[in-house]
Amino acid sequence: MNLNKIYFVSLQITALCLFITMAYMSSVCYKGSRRLTRNYILPTSRSCCLTNSKKPKPATTTDVPSYTSRVSLTNTSEQSRNLKWDQTRLMKKCQVQPNSLLGRFNITKYVTAAEVSNNQTNMKVKYGGVYRPSNCVSEQTVAIIIPYRDREEHLNILVNLLHNILQRQQLQYGIYVVEMALPVQFNRGLLANAGFLNAHSIGNYSCYIIHDVDLIPVNDHNIYKCGSSPKHLSVTNTKFPHGLPYPEYVGGVIALSHEQYIKVNGFSNLFFGWGGEDDDLYKRMEASSMIIERPPVHTGTYIALPHKMDSSNPPNPYRDVLMSQSALRKDRDGITSVQFSRKALEFRTLYTWMLIDCTESEVIQNVGHVKLTQETFMQGKHLEKQPLFNMKRVVKVVQRGKVEP
Ligand code: UD2
Ligand code: MN
């Protein structure tokens with residue numbers, strides 16, 4: 001071996017070492033930056049309003065895979081940005097009735113979208129509408145699920161107020177707005193189920209509160225937490241000022257723990273159009289031997305924001321028939337069989353928004369064994385196999401934009 005050769009070989013070895021070192025360094029840097037981007041970053045400034053479409057969307061996922069029936073509660077794409085609440089820090093438990101609560105308060109004027117974005121309380125909220133108290137550990141993690149379509153003004157008012165109240169209650173929470181894509185008829189139960197599955201996948205919450213967009217709480221002693229039984233929070237509102245319209249009423253705002261939601265199999269998916277899905281939920285809870293907790297009347301009180309009947313949410317003519325079969329259908333109609341596709345998911349400034357699409361015939365078929373005419377039900381044939389639903393009629397109602405009884 002001559003000197004030249006030795007020199008050449010040692011040059012090669014040096015180059016190889018240099019290459020290996022660079023490769024190692026770049027892999028370390030890459031992992032570090034991945035870790036940073038996966039953290040849930042609190043934005044330093046907020047210059048945009050709740051509904052401004054030009055605002056930056058720092059954590060937006062679109063074109064995500066569709067959810068279909070029997071959605072796995074683990075291992076979905078959102079878990080890669082899981083909220084990673086750091087509960088390891090040693091902190092005292094948050095108070096059950098914090099001193100910061102005001103009790104009954106007056107609302108003299110509703111906020112505008114611009115005021116919502118400048119509000120100091122809202123500044124503490126992380127993108128996606130999530131919050132955690134900084135000086136104590138909340139006993140529960142709460143997902144507020146708002147079934148939604150075309151009620152922007154109501155949404156601004158509610159979201160703004162909820163952030164204020166829930167922070168005073170020292171809760172760890174996230175707000176999820178679950179919007180139904182057109183042209184299918186509105187389905188509050190299906191949206192609640194879709195919201196439950198998505199919120200669970202994103203934040204693994206222990207408590208789920210299904211909340212009408214037009215009900216504004218006016219007493220912060222009404223604690224937004226789950227109990228050992230399902231908790232109906234909206235006992236009175238300005239439309240029903242004297243308390244429950246009937247004892248089984250669970251419409252408006254209801255809180256179910258993760259276990260309770262699973263036990264009743266969530267809401268029925270079959271209530272397209274207005275009405276019945278809340279009474280059906282009551283029957284499911286009753287069939288599961290659950291009793292309903294409620295706050296005192298003066299605490300569980302809400303303003304019902306005025307609105308007209310929506311053209312894409314006409315009264316459901318099948319609601320009584322569906323309800324009468326509720327307990328029989330419970331185990332195969334709910335979160336175990338919900339059929340939808342999530343068209344979009346955005347972690348917006350004050351809430352997480354998702355767009356849910358579904359096809360009525362698929363939803364019904366996936367539940368199976370449903371017969372939906374009054375005559376056949378009266379004849380006791382309601383458990384025959386083929387699903388019956390007058391799709392043509394439903395589509396016509398939506399196209400005409402007309403409300404039919
Ligand atoms: C009552 C119940 C509600 C539900 C409904 C029957 C109360 C206070 N509320 O509400 O919980 O059982 O009857 O289905 O008793 N929505 C939209 N856009 C629409 C249609 C509905 O966002 O186009 C959402 C929204 O969250 C709304 C909720 O669905 O608050 C209930 O619909 P509604 O307000 O039209 O019906 P309402 O007031 O009779
Ligand atoms: Mn309403």
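Counting starts at 1 for both ligands and their atoms, following the listed order. Not measured: the values here are computed from a predicted model.
Atoms of ligand 1 lying under 4.0 Å from any heavy atom of N237, numbered from 1 in the order shown and given with element: 8 (C). Atoms of ligand 1 lying under 4.0 Å from any heavy atom of G251, numbered from 1 in the order shown and given with element: 11 (O). Ligand 1 places these atoms under 4.0 Å from at least one heavy atom of D310: 19 (C), 20 (C), 23 (O), 35 (O). Proximity to L215 (heavy-atom distance under 4.0 Å) selects the following atoms of ligand 1: 8 (C). Less than 4.0 angstrom separates some heavy atom of Y249 from each of these atoms of ligand 1: 7 (C), 8 (C), 15 (O). Within ligand 1, the atoms closer than 4.0 Å to a non-hydrogen atom of V213 are 25 (C), 26 (O), 30 (O), numbered from 1 in the order shown. The distance from ligand 1 to the heavy atoms of D278 drops below 4.0 Å at these ligand atoms: 12 (O). The K239 neighbourhood of ligand 1 comprises atoms 38 (O), with distances under 4.0 Å to a heavy atom of that residue.
Y208 pairs by the side-chain hydrogen bond (donor to acceptor under 3.5 Å, both in side chains) definition with nothing, not counting sequence neighbours. Applying the salt bridge (charged side-chain N to carboxylate O under 4.0 Å, His left out) rule to D214 yields the partners R151; only residues at least two apart in sequence or on another chain are considered.
Heavy atoms of H154 come nearer than 4.0 angstrom to ligand 1 in no pair at all. Using a 4.0 Å heavy-atom cutoff, A304 is absent from the residues neighbouring ligand 1. Note on ligand 1: M309 sits outside its first shell, no heavy atom being nearer than 4.0 Å. Ligand 1 has at least one atom lying under 4.0 Å from a heavy atom of D214. Assignment of G275 to the shell around ligand 1 is supported, since a heavy atom sits closer than 4.0 Å.
The closest donor-acceptor contact from the side chain of N265 to the backbone of K330 lies under 3.5 Å. In terms of modelled atom types and a separation under 3.5 Å, the side chain of T236 and the main chain of H242 share no donor-acceptor contact. No donor-acceptor pair closer than 3.5 Å links the side chain of N237 to the backbone N or O of Y302. Proximity of a side-chain donor or acceptor of T141 to a complementary backbone N or O of S206 within less than 3.5 Å is detected. Under the 3.5 Å distance criterion, the side-chain polar atoms of E362 are left unmatched by any main-chain donor or acceptor of Q339. S234 contributes a side-chain N or O that, together with a main-chain N or O of G251, makes up a donor-acceptor pair within less than 3.5 Å. No donor-acceptor pair closer than 3.5 Å links the side chain of N160 to the backbone N or O of N156. Here the side chain of R284 pairs a donor or acceptor atom with the backbone of G266 at under 3.5 angstrom. Under the 3.5 Å distance criterion, the side-chain polar atoms of N316 are left unmatched by any main-chain donor or acceptor of W274. For Q172 (side chain) and S138 (main-chain N/O), no donor-acceptor pair under 3.5 Å exists by modelled atom type.
Residues in residues 224-235 take part in these salt bridge (Lys or Arg N to Asp or Glu O under 4.0 Å) pairs, two or more places apart or across chains: E139-K225.
Scanning both residues, V264 and S288, for their nearest heavy atoms gives CG1-OG, 3.8 Å.
Within the set R151, R188, E152, M180, the minimum heavy-atom distance to atom 35 (O) of ligand 1 is found for R151. When the options W274, Y302, F240 are ranked by their closest heavy atom to atom 39 (O) of ligand 1, first place goes to W274.
Distances between N or O atoms of G252 and those of ligand 1 include at least one value under 3.5 Å. An N or O contact shorter than 3.5 Å is missing between I146 and ligand 1 by distance. Considering backbone and side-chain atoms alike, R149 places an N or O below 3.5 Å from some N or O of ligand 1.
Judged by the 6.0 Å and 45° rule, R168 forms a cation-pi pair with F105.
Protein atoms of type N, O or S found under 2.8 Å from the Mn ion (ligand 2) total 2.
Relative ring orientation between Y173 and H163 is described as tilted, the plane-to-plane angle lying within the 30° to 60° band. In this structure, H154 and H307 have perpendicular ring planes: the angle between them is above 60°, well past the 30° mark.
Nearest protein heavy-atom neighbour of atom 14 (O) of ligand 1: E277 OE1, 2.8 Å. The closest protein non-hydrogen atom to atom 16 (N) of ligand 1 is F186 CZ, 3.3 Å. Ranking protein heavy atoms by distance to atom 9 (N) of ligand 1, first place goes to D212 OD2, 2.8 Å. Annotation: atom 26 (O) of ligand 1 to nearest protein heavy atom, P147 O, 2.7 Å. Atom 38 (O) of ligand 1 has H307 NE2, 3.2 Å as its closest protein atom, hydrogens excluded (heavy atom only).
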